[in-house]
Amino acid sequence: MPEGPSIIILKELVQPFKGKKILKVEGNSKLDIQRMNGEKILDFKSWGKHFLICFKNFAVRIHFMLFGSYRINEQKDTVPRLRLIFKKGELNFYACSIKFIEENIDEVYDRTSDVMSEEWDPKSAKRKLKKYPEELICDILLNQNIFAGVGNIIKNEVLFRIRLHPENKIENIPRVKLNELIMEARNYSFDFLKWKREFVLKKNWLAHTKKICPRCNIPFIRKHCGKTKRRAFFCVSCQVLYNNNHNI
DNA sequence: CCGGTTGTTCAGCG
DNA sequence: GCGCTGAACAACCG
């Protein structure tokens, strides 16, 4: 469920519930979810992997983590974390993380860091990148303060597309290449969205979970890279690792 | 049936 | 107080 484009799809699917009043609230969340009872949903928003349900005086943040899921107007066999029942229809959220946000959403979230947002700002991303010269690019791409919405699949596909080795240090990557990376983080995310809508996302993976490099026909390296230790699939032949010469 | 994971936070340690 | 590690969460696929 998790990556940014999937949240955009969810936001579209729940549009019929916008402006609707919640008649009953259920779920095994430990939070006071009953405070939503009787409230009218003013809007649905998103930021990166966060799905936001906006009410008059507060908002609910749903994060699907690794295993979270949802059903609209149908149910799974398991107990939902949160179920919102309307006069017509219901929303069910499973195994997700829920938080209440009391502050104004627009003040809490910086949309310039959301790769799916109209307000996404590549220049701002560039400025943030420069603050982490020692970090590896595979970790930085997963940093939600810089690339909100990017997850492990997008990471692997973007790095393969621009031929960049996941273990490159930021400081060693040429400026032009960094710009390319920032552009492709958003660009691939929209391809992800398009392909997910058409149910052909997996079919279009070039690197993620793949065994052979489609460009070189040699085996991919599969390794848990960086501080984040997330799976990386990469080709040592066509994905460049820039050497660090200036510190020797 | 077990191993692994489209993710994040937090406790515990040195 | 820091940086690192591992646990916790908990569902589904191959």
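In what follows, chains carry the letters A, B, and so on, assigned in the order in which the sequence lines appear, proteins first and then strands, with residues in each chain numbered from 1.
The aromatic rings of A:F64 and A:F93 are tilted relative to each other, their planes meeting at an angle between 30° and 60°.
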Can you tabulate the close N/O pairs, meaning under 3.5 Å, that link protein atoms to atoms of nucleotides 11-14 of chain C?
{"from": "C:dC12", "atom 1": "OP1", "to": "A:K76", "atom 2": "NZ", "distance (Å)": "2.3"}

Between the protein and nucleotides 1-7 of chain C, which nitrogen or oxygen pairs are less than 3.5 angstrom apart?
{"from": "C:dT5", "atom 1": "OP2", "to": "A:K229", "atom 2": "NZ", "distance (Å)": "3.1"}

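Within the 3.5 Å criterion, the main-chain N or O of A:G48 finds a donor-acceptor partner in the side chain of A:D114.
B:dG7 atom P lies 18 Å from atom CD1 of A:I62, rounded to whole Å. As a whole-Å value, the separation of A:F64 CZ from C:dA10 C1' is 15 Å. Between A:F233 atom CZ and B:dT6 atom P there is a gap of 7 Å when expressed in whole angstrom units. B:dG4 atom C1' lies 11 Å from atom NE2 of A:H208, rounded to whole Å. The distance from atom CG of A:N152 to atom P of B:dT6 is 5 Å, rounded to the nearest whole Å. Atom-to-atom, CG of A:N143 to P of B:dG7 comes out at 13 Å; the value is rounded to the nearest Å. Rounded to an integer number of Å, the gap from A:L142 CG to B:dG7 P is 7 Å. In this structure, A:N156 places its CG atom 10 Å from P of B:dG7, rounding to the nearest Å.
Sequence neighbours left out, not one pair with a member in residues 171-199 of chain A passes ring-ring contact (aromatic ring centres under 6.0 Å, His included). Among residue pairs with one or both ends in residues 55-68 of chain A, those qualifying as side-chain hydrogen bond (donor to acceptor under 3.5 Å, both in side chains) are A:R61-A:S97; sequence neighbours excluded. Here ring-ring contact (aromatic ring centres under 6.0 Å, His included) pairs that include residues 9-44 of chain A, with residues two or more places apart or in two chains, are A:F17-A:F86, A:F44-A:F51.
C:dG1 sits 16 Å from B:dC10 when the C1' atoms are compared, rounded to a whole Å. Between the P atoms of B:dG4 and C:dG6, the separation comes to 15 Å (whole Å). Between B:dT6 and C:dC4, the two P atoms lie 22 Å apart (nearest whole Å).
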Checklist entry - So what's the dot-bracket for DNA chain B: Watson-Crick or G-U pairs under 3.5 Å, [ ] if a pair crosses, | if it pairs off-strand? => result .||||.||||||||
Please report, to 0.1 Å, the donor-acceptor pairs under 3.5 Å made by any side chain of residues 226-233 of chain A, with sequence neighbours excluded.
{"from": "A:K227", "atom 1": "NZ", "to": "A:E135", "atom 2": "OE2", "distance (Å)": "2.8"}
{"from": "A:T228", "atom 1": "OG1", "to": "A:D139", "atom 2": "OD1", "distance (Å)": "2.5"}

Please report, to 0.1 Å, the donor-acceptor pairs under 3.5 Å made by any side chain of residues 144-151 of chain A, with sequence neighbours excluded.
{"from": "A:Q144", "atom 1": "OE1", "to": "A:G149", "atom 2": "N", "distance (Å)": "2.9"}
{"from": "A:Q144", "atom 1": "NE2", "to": "A:L142", "atom 2": "O", "distance (Å)": "3.1"}
{"from": "A:Q144", "atom 1": "NE2", "to": "A:V150", "atom 2": "O", "distance (Å)": "2.9"}

Check: residues 30-39 of chain A side-chain donor-acceptor pairs under 3.5 Å, at least two apart:
{"from": "A:Q34", "atom 1": "NE2", "to": "A:V25", "atom 2": "O", "distance (Å)": "2.9"}
{"from": "A:R35", "atom 1": "NH1", "to": "A:E102", "atom 2": "OE2", "distance (Å)": "2.9"}
{"from": "A:R35", "atom 1": "NH2", "to": "A:E102", "atom 2": "OE1", "distance (Å)": "3.2"}

Between side-chain atoms of residues 115-122 of chain A and protein atoms elsewhere (two or more places apart, or another chain), which donor-acceptor pairs fall under 3.5 Å?
{"from": "A:S117", "atom 1": "OG", "to": "A:E119", "atom 2": "N", "distance (Å)": "2.8"}
{"from": "A:D121", "atom 1": "OD1", "to": "A:K123", "atom 2": "N", "distance (Å)": "3.0"}

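With no hydrogens or angles considered, a side-chain donor-acceptor pair links A:K155 and A:N152 at under 3.5 Å.
A:H224 comes within contact range of the sugar-phosphate backbone alone, with a heavy-atom separation under 4.0 Å but no base atom that close.
In summary, A:E198 and A:K203 do not engage in a salt bridge, as defined by a charged side-chain N under 4.0 Å from a carboxylate O. Electrostatic pairing of A:D191 and A:R161 counts as a salt bridge here, judged by a charged N lying under 4.0 Å from a carboxylate O.
When hydrophobic residues (I, L, V, M, F, W, Y) are linked wherever their side-chain heavy atoms come within less than 4.5 Å, the members clustered with A:F220 are A:F160, A:L206.
Residue A:K49 places at least one side-chain N or O under 4.0 Å from the OP1 or OP2 atom of B:dG7. Regarding contacts with the backbone of B:dG7, a side-chain N or O of A:R230 is found under 4.0 angstrom from either OP1 or OP2. Residue A:H63 has no polar side-chain atom (N or O) positioned under 4.0 Å from OP1 or OP2 of B:dG7.
Remark: A:I98 CD1 to A:L82 CG distance equals 4.5 Å, nearest 0.5 Å.
Remark: A:K76 NZ is packed, more than 12 non-hydrogen atoms of other residues, nucleotides or ligands lying under 6.0 Å away.
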Checklist entry - When you check every protein heavy atom under 4.0 Å of nucleotides 9-14 of chain B, what one-letter string (B, S, -) results, 5' to 3'? => result ------
